[in-house]
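One structure is given below, encoded as C-alpha cells.
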Amino acid sequence: MRLENCIFCKIANKEIGSEIVDERPTAIAFKDINPKAPVHILIIPKEHVVSLDELGKNGCDVLRDVFSLISDIAVSEGVAQSGYRVVVNIGEEAGQEVDHLHFHLLGGRFMAWPPS
Ligand code: 5GP
Ligand code: ZN
C-alpha cells in the first residue's frame with residue numbers, strides 16, 4: 001500500500017527523484033539526501049510499513065530483499081571488507097524522522113560506539 005504524503009512511498013514509486021542504487025521486487029535502495037558518512041544508502045520496503053513490527057505477512061520476502069540489497073551494495077560501494085554499519089531508528093527517542101521503515105547502510109569512515 002502507498003501512503004499519500006509519505007516521501008519514501010513517493011521515492012519507491014519513482015514519483016519524485018532520488019539517486020536509486022539498486023532494487024528488488026519488494027525493496028529499493030537509494031542515496032540519503034543528507035549523508036552522514038561517505039557511503040550512506042537507505043534501503044526501504046516498497047510498500048508503506050511504519051516500523052519493523054508492522055511488516056505483516058510479507059515480512060519474510062521484504063527482509064530477504066532488504067538484506068540481499070544491503071550485502072550487495074556493501075560490495076558495490078566498496079565497504080564490505082573495511083566494514084559498515086546498518087541502523088534502524090525506531091520512534092522518537094531513537095531519532096526516526098521518516099515514518100516509513102528504512103535501513104541505513106553507513107560506511108567509509110570509522111564510527112563511534114555506542115552511538116550517541
Ligand atoms: P531517520 O532519522 O528517520 O532514521 O532517517 C531519515 C533519513 O532520510 C535521513 O538520513 C534523511 O537525510 C533522509 N531523507 C529525508 N528525506 C529524504 C529525501 O527526500 N530523499 C532522500 N534521498 N533522503 C531523505
Ligand atoms: Zn511510505
Side-chain angles (χ1 to χ4, degrees):
M1 200 190 85
R2 173 189 175 287
L3 191 72
E4 200 63 36
N5 296 327
C6 171
I7 192 88
F8 284 1
C9 281
K10 289 181 178 166
I11 287 174
N13 282 292
K14 296 165 187 163
E15 291 167 33
I16 63 166
S18 69
E19 284 190 72
I20 293 170
V21 177
D22 200 358
E23 63 183 303
R24 296 286 184 275
T26 71
I28 189 162
F30 54 95
K31 293 191 177 178
D32 196 293
I33 203 167
N34 182 18
K36 309 331 185 261
V39 175
H40 189 174
I41 313 285
L42 300 173
I43 300 95
I44 67 169
K46 290 182 176 175
E47 296 275 310
H48 184 82
V49 178
V50 175
S51 73
L52 273 177
D53 52 16
E54 288 186 20
L55 272 176
K57 65 179 170 56
N58 295 322
C60 289
D61 290 345
V62 171
L63 289 176
R64 183 198 60 222
D65 283 350
V66 164
F67 282 98
S68 164
L69 282 168
I70 288 171
S71 58
D72 281 0
I73 292 167
V75 172
S76 62
E77 294 288 328
V79 297
Q81 296 298 323
S82 52
Y84 62 96
R85 186 171 287 176
V86 176
V87 175
V88 184
N89 296 320
I90 300 169
E92 189 182 352
E93 286 197 5
Q96 183 175 5
E97 290 175 353
V98 179
D99 287 333
H100 179 133
L101 174 62
H102 49 285
F103 294 72
H104 297 257
L105 190 168
L106 296 146
R109 65 166 170 80
F110 278 93
M111 283 173 223
W113 186 263
S116 62

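All residue numbers refer to positions in the sequence shown, counting from 1. Ligands are counted one by one from 1 in listed order, and the atoms in each one are counted from 1 as well.
Residue L55 holds its CG atom at 9.0 Å from SG of C60, rounded to the nearest 0.5 Å.
Checked by distance only, ligand 1 and H104 come closer than 3.5 Å through their nitrogen or oxygen atoms. Considering backbone and side-chain atoms alike, N89 places an N or O below 3.5 Å from some N or O of ligand 1. Residue contacts with ligand 1: G95 is placed with a nitrogen or oxygen under 3.5 Å of a nitrogen or oxygen of the ligand (distance criterion only).
Side-chain atoms of E77 do not come within 3.5 Å of backbone N or O of V79 as any donor-acceptor pair.
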Check the pair D32 / I41 against side-chain contact (heavy atoms from CB on, under 4.5 Å), numbers first and verdict last.
CA-CA 5 Å; D32 196 293; I41 313 285; over 6 Å; no
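Counting only heavy atoms from C-beta outward, the side chains of C9 and H100 approach each other to under 4.5 Å. L42 is listed as a side-chain neighbour of F8, based on a closest heavy-atom distance under 4.5 Å.
Vertex the Zn ion (ligand 2); arms to H48 ND1 and H100 ND1; angle rounded to 10 degrees, 110°.
For the residues I41, L101, I33, N34, the heavy atom positioned nearest atom 21 (C) of ligand 1 is part of I33. If you check each of D32, I16, L42 against atom 9 (C) of ligand 1, the one with the closest non-hydrogen atom is D32. Taking only non-hydrogen atoms, the option from H102, K31, Q96 nearest to atom 6 (C) of ligand 1 is H102.
Below 4.0 Å from some heavy atom of F30 lie the following atoms of ligand 1, by number and element: 21 (C), 22 (N). In the vicinity of I11, heavy-atom distances shorter than 4.0 Å reach the ligand 1 atoms 20 (N). Listed by number with element, the atoms of ligand 1 under 4.0 Å from a non-hydrogen atom of I7 are 19 (O). Distances below 4.0 Å separate heavy atoms of K36 from the following atoms of ligand 1: 9 (C), 10 (O), 12 (O).
Screening V66, I43, I70 for a side chain to side chain contact (heavy atoms under 4.5 Å, CB included) involving V86 leaves a single residue, I70.
Summary of contacts: the protein heavy atom closest to atom 3 (O) of ligand 1 is E97 N, 2.6 Å.
The existence of a salt bridge linking K14 and E23 is confirmed by a sub-4.0 Å separation between a basic side-chain nitrogen and an acidic carboxylate oxygen.
In F103, neither the side chain nor the backbone holds a heavy atom less than 4.0 Å from any atom of ligand 1.
Not a single heavy atom of E19 lies less than 4.0 angstrom from ligand 1.
Here H104 and H102 bring their ring centres to under 6.0 angstrom of each other.
Residues D61 and T26 have side chains that never bring a donor and an acceptor to within less than 3.5 angstrom of each other.
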